[in-house]
Amino acid sequence: RTDALLRSEVPFVLLGDFNLVPSDHDMYSPTALKGDAVIHPACRHRFRALKYKGLYDALETVHNGDTRGVYTYWGYRGGAWERGNGIRIDHVMLEAAVADRLQAAGVHAHVRGWDTPSDHAPVWTRVRWGQ
């Protein structure tokens, strides 16, 4: 489907919970998740393939490639939120025309600290449309 969208030359965004940590610096501890599917080499390869096809990772773009400590998920067990033991598994991937209009992107991590929160924090982007 991504290939068809790219061929259409229509601006688009792929976003959501990919359940994938793109690289070791996108998690609090590379050894803590050893053997977990979120860091499986085949999954990481598929994610990199999206980038090779020309999609841009919004968070990576605004952080100049350094997303260390930019997390979108903290599990409920073991005090992950309180300890800062997060991972980045929610992504916003931008087609080139959208990436050219990217003004900002981030994570509303503070909502993870609310009463009865989701284990995911909202990822957001701001894109300039029009003139």
Side-chain angles (χ1 to χ4, degrees):
R1 178 84 174 122
T2 304
D3 291 336
L5 285 168
L6 287 165
R7 282 191 304 274
S8 76
E9 297 185 14
V10 173
F12 68 92
V13 176
L14 297 178
L15 69 145
D17 176 1
F18 285 41
N19 274 331
L20 163 80
V21 178
S23 69
D24 287 353
H25 70 259
D26 292 307
M27 62 180 134
Y28 69 96
S29 170
T31 58
L33 295 174
K34 187 176 182 182
D36 195 294
V38 299
I39 61 169
H40 192 278
C43 295
R44 285 180 164 180
H45 174 76
R46 300 277 311 250
F47 188 80
R48 280 192 310 274
L50 292 174
K51 293 166 73 174
Y52 297 153
K53 291 177 183 195
L55 296 182
Y56 294 81
D57 180 329
L59 288 172
E60 191 175 81
T61 299
V62 300
H63 288 279
N64 297 316
D66 186 1
T67 52
R68 281 178 284 206
V70 180
Y71 304 138
T72 64
Y73 174 91
W74 297 262
Y76 291 122
R77 297 179 187 194
W81 168 250
E82 294 79 11
R83 294 173 184 228
N85 293 347
I87 59 178
R88 187 168 76 96
I89 60 173
D90 303 279
H91 305 283
V92 179
M93 301 299 289
L94 310 172
E95 181 270 337
V98 181
D100 286 345
R101 297 170 180 268
L102 180 65
Q103 293 181 320
V107 180
H108 288 302
H110 67 281
V111 304
R112 180 57 179 84
W114 291 354
D115 291 337
T116 64
S118 169
D119 46 4
H120 295 260
V123 178
W124 60 271
T125 59
R126 185 171 58 238
V127 177
R128 177 183 39 81
W129 292 111
Q131 303 299 335

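Residue numbers run from 1 in the order of the sequence given. Computed from a prediction, not measured in an experiment: that's the story for all the values here.
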Engineer: Between the main-chain N or O of D119 and the side-chain N or O of Y76, is there a donor-acceptor pair closer than 3.5 Å?
Structural biologist: yes
Engineer: Return the CZ to CG distance between F12 and L5, rounded to the nearest 0.5 Å.
Structural biologist: 4.5 Å
Engineer: Quick check: do V123 and V107 have side-chain heavy atoms less than 4.5 Å from each other?
Structural biologist: yes
Engineer: Could you measure the distance from the CG atom of L50 to the CZ atom of F18? Nearest 0.5 Å is fine.
Structural biologist: 6.5 Å
Engineer: Using 0.5 Å steps for rounding, measure from the CG atom of D90 to the CG atom of D17.
Structural biologist: 4.5 Å
Engineer: Just wondering, do V21 and R44 contact through their side chains at under 4.5 Å, heavy atoms?
Structural biologist: yes
Engineer: Quick one: CD1 on I87 to OG1 on T72, what's the gap to the nearest 0.5 Å?
Structural biologist: 7.0 Å
Engineer: Step through the shown structure and confirm whether more than 12 heavy atoms of other residues, nucleotides or ligands are within 6.0 Å of CZ on R46.
Structural biologist: no
Engineer: Kindly say whether T67 contributes a backbone atom to a donor-acceptor pair with the side chain of R88 at under 3.5 angstrom?
Structural biologist: no
Engineer: Just checking, any donor-acceptor pair under 3.5 angstrom between side chains of H120 and S118?
Structural biologist: no
Engineer: A side-chain contact here means heavy atoms from C-beta on lying under 4.5 Å apart; do P11 and V98 qualify?
Structural biologist: yes
Engineer: For residues T2 and L55, determine if any side-chain heavy atom of one lies less than 4.5 Å from a side-chain heavy atom of the other.
Structural biologist: yes
Engineer: Measure the spacing between CG of D66 and CG of L59 and express it to the nearest 0.5 Å.
Structural biologist: 12.0 Å
Engineer: Is there a donor-acceptor pair under 3.5 Å between the side chain of H91 and the backbone N or O of M93?
Structural biologist: no
Engineer: Within a 6.0 Å radius of atom CD on E9, are there more than 12 heavy atoms belonging to other residues, nucleotides or ligands?
Structural biologist: no
Engineer: Run the numbers on K53 and D3 for salt bridge (Lys or Arg N to Asp or Glu O under 4.0 Å), then give the verdict.
Structural biologist: CA-CA 8 Å; K53 291 177 183 195; D3 291 336; 2.8 Å; yes
Engineer: As an exercise, state the distance from CD of E95 to CG of L14, rounded to the nearest 0.5 Å.
Structural biologist: 10.0 Å
